[in-house]
Asks: 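I am attaching a structure below and will ask some questions about it afterwards.
Chain naming here is simple, since letters A, B, ... match the order of the sequence lines and numbering starts at 1 in each.
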Number of protein chains: 2
Amino acid sequence: MILARIILGLLDLAPMSGYDLKRHFDTTINHFWSADRAQIYRTLARLVDDGLATVETVAGAKAPDRHEHRITERGRAALREWLTSELDRQPERDAFLARLFFAGSLDDAELAGLLARHRAAAREQLDALEAIRASTPPPADRRARLRITTLNCGLARARAELDWLDEITEELT
Amino acid sequence: MILARIILGLLDLAPMSGYDLKRHFDTTINHFWSADRAQIYRTLARLVDDGLATVETVAGAKAPDRHEHRITERGRAALREWLTSELDRQPERDAFLARLFFAGSLDDAELAGLLARHRAAAREQLDALEAIRASTPPPADRRARLRITTLNCGLARARAELDWLDEITEELT
DNA sequence: ATCTCCTATGCGACTTGTCTACTAGTCTCG
DNA sequence: CGAGACTAGTAGACAAGTCGCATAGGAGAT
């Protein structure tokens, strides 16, 4: 459901093939959503079925043919409707917290290792986001500002995570 | 996969029926994982199939029969193995950030509404967590300390979320 | 000439997660 | 006495997400 909306949002920025979409999911969009290739192609087919997008086969000059997808008026309406619809709270799901919750049977060294490994991953995540932001030009229009805003959210979360980790690593000596 | 481990973790604390597990997923565990009844019962069946847990039908004195599940030695080994295994970074998935990212076509009032509604939800979340922590006795042993630690993580995240929201609400006047 | 990598699309099988509805007993309140 | 809430489990359909495999053209390297 949400994936379909996100794809509509991306198609609203520019016409794209499934491959282009996959690249967005792996880069620009990555800090708040990701998707598998198979899933993207299936969703695209459904969007076309539902009349929210159209396909056009573009013969590739120096590459295989692309199926370029374009958002339709109905697609734009659906996107708008999603943006203004009620927020559905999504359930929290955190595999690391799950481990930590049940880590009572680990000894001190094992627990410290668990925390250290998670900290390294969190640090990496933060660095990656900072790198992206550093290479992003200052926002020109509103869309660009919103894009940076979502990045900043990722940054804020990553920093909070690191702070919390430092705090509890001390606490659980 | 992770759900199975979490259920093992819960069974390691005490023998339980599917119903008991469901209550945990809706309360104690809720801030980092949730699960549907059907999913819980299916997973329990698989755990028994795999020899990681056993079932025993307990005739209900003043209620329907319960199927009490008990973790086995192999189950405990599997749980331990999970706790010490490599962390697999789980993909970020945030429907709110997705909306925000594509909210360029909304007008100022609509955008403000979107932010305000999310802020209210985040506030509610924070209040709920604080209520739980307030009603939790100070930790006696290590297990209890870890449980509170995961709660604190939820709290830290919720606070970071609110701070970020306040910041950007000003910014995106 | 072959090998490997990159672009590009798709299928099929599978797992996970959600939703609805049904059965069935107990307890409480009005 | 009946309505509704709580306990307890089951069945079936379906949506979402993952993994592996196949195909196919072009580019560059060995």
Asks: Would you call D141(A) and R145(A) a salt bridge, taking side-chain N to carboxylate O under 4.0 Å as the test?
Replies: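 Not counted as a salt bridge, because no side-chain N and carboxylate O are separated by less than 4.0 Å.
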
Asks: Does a donor on one side chain and an acceptor on the other come within less than 3.5 Å for S17(B) and H69(B)?
Replies: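 There is no such pair (donor and acceptor under 3.5 Å, judged by atom type) between the side chains of S17(B) and H69(B).
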
Asks: Round to the nearest Å and state the distance from I7(A) atom CD1 to dG17(D) atom P.
Replies: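 Atom CD1 in I7(A) sits about 10 Å away from atom P in dG17(D).
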
Asks: How do W33(A) and H67(B) order along DNA chain D: which one's closest nucleotide is nearer the 5' end?
Replies: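 Upstream on the strand: H67(B).
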
Asks: Would you please say whether a donor-acceptor pair under 3.5 Å links the side chains of Q125(A) and H31(A)?
Replies: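 Distance-only check fails for Q125(A) and H31(A).
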
Asks: With a 4.5 Å cut-off on side-chain heavy-atom distances among I, L, V, M, F, W and Y, is there a chain of contacts connecting Y41(B) to F25(B)?
Replies: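 Cluster IDs for Y41(B) and F25(B) differ.
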
Asks: When the distance from CG of L44(A) to C1' of dT9(C) is rounded to whole Å, what number comes out?
Replies: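 These atoms are roughly 11 Å apart.
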
Asks: So, does the side chain of R42(A) form a donor-acceptor pair with the base of dG10(C) at under 3.5 Å?
Replies: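 It does not, because no donor-acceptor pair links the side chain of R42(A) to the base of dG10(C) below 3.5 Å.
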
Asks: Quick one: label A38(A) by what it contacts on the DNA or RNA (base, sugar-phosphate, nothing), any heavy atom closer than 4.0 Å.
Replies: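 Result for A38(A) = base.
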
Asks: In whole Å, I'd like the distance from the CG atom of D26(B) to the C1' atom of dT18(C).
Replies: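 Computing the D26(B):CG to dT18(C):C1' distance gives 14 Å.
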
Asks: Rounded off to whole Å, could you give me the CG-to-P distance for the D65(A) and dT23(D) pair?
Replies: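 Answer to the nearest Å: 18 Å.
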
Asks: Is there a donor on the side chain of R37(A) or the base of dG10(C) sitting less than 3.5 Å from an acceptor on the other?
Replies: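 Checked by distance alone, the answer is yes.
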
Asks: More 5' along DNA chain D: Y19(B) or D36(A), using each one's nearest nucleotide?
Replies: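 Nearest nucleotide further toward 5': that of Y19(B).
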
Asks: Kindly say if Q39(B) contacts the phosphate of dG17(C), meaning a side-chain N or O under 4.0 Å from OP1 or OP2.
Replies: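 Yes, because at least one side-chain N or O of Q39(B) sits under 4.0 Å from OP1 or OP2 of dG17(C).
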
Asks: Rounded to the Å, how far apart are M1(B) CE and dA16(D) C1'?
Replies: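 Rounding to the nearest Å, CE of M1(B) and C1' of dA16(D) are 19 Å apart.
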
Asks: Write down the distance between CE (M16(B)) and P (dT7(D)), rounded to a whole number of angstrom.
Replies: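 Between P of dT7(D) and CE of M16(B): 15 Å.
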
Asks: If I take atom NE2 from residue H67(B) and atom OH from residue Y19(B), how far apart are they, to the nearest 0.5 angstrom?
Replies: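 H67(B) atom NE2 to Y19(B) atom OH measures 15.0 Å (nearest 0.5 Å).
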
Asks: Whole angstrom is fine here: how far is it from CZ in R23(B) over to P in dA8(D)?
Replies: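 Roughly 7 Å, once rounded to whole Å.
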
Asks: Parallel under 30°, tilted from 30 to 60°, perpendicular over 60°: which one fits the rings of F101(A) and F32(B)?
Replies: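 Rings of F101(A) and F32(B): tilted, as their planes differ by 30° to 60°.
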
Asks: Please work out which residues in residues 79-93 of chain B have a non-hydrogen atom less than 4.0 Å from an atom of DNA chain D and list them by number.
Replies: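 DNA chain D contact set from residues 79-93 of chain B: R93(B).
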
Asks: Given that G18(A) and R46(B) both sit by DNA chain C, which one's nearest nucleotide is further toward the 5' end?
Replies: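 Its nearest nucleotide lies further toward 5', so the answer is G18(A).
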
Asks: Whole Å only: how far is the CG atom of L21(B) from the P atom of dT10(D)?
Replies: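 In whole Å, dT10(D) P and L21(B) CG are 13 Å from each other.
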
Asks: Is L165(B) reachable from L126(B) through a run of hydrophobic residues whose side-chain heavy atoms are each under 4.5 Å from the next?
Replies: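 In one cluster with L126(B): L165(B), no.
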
Asks: So, is Y41(B) close to the dG9(D) phosphate, meaning a side-chain N or O under 4.0 Å from OP1 or OP2?
Replies: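 Checking dG9(D) against Y41(B), a side-chain N or O does come within under 4.0 Å of OP1 or OP2.
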
Asks: Closer than 4.0 Å, any side-chain N/O of S17(A) to the OP1 or OP2 of dT9(C)?
Replies: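 Checking dT9(C) against S17(A), a side-chain N or O does come within under 4.0 Å of OP1 or OP2.
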
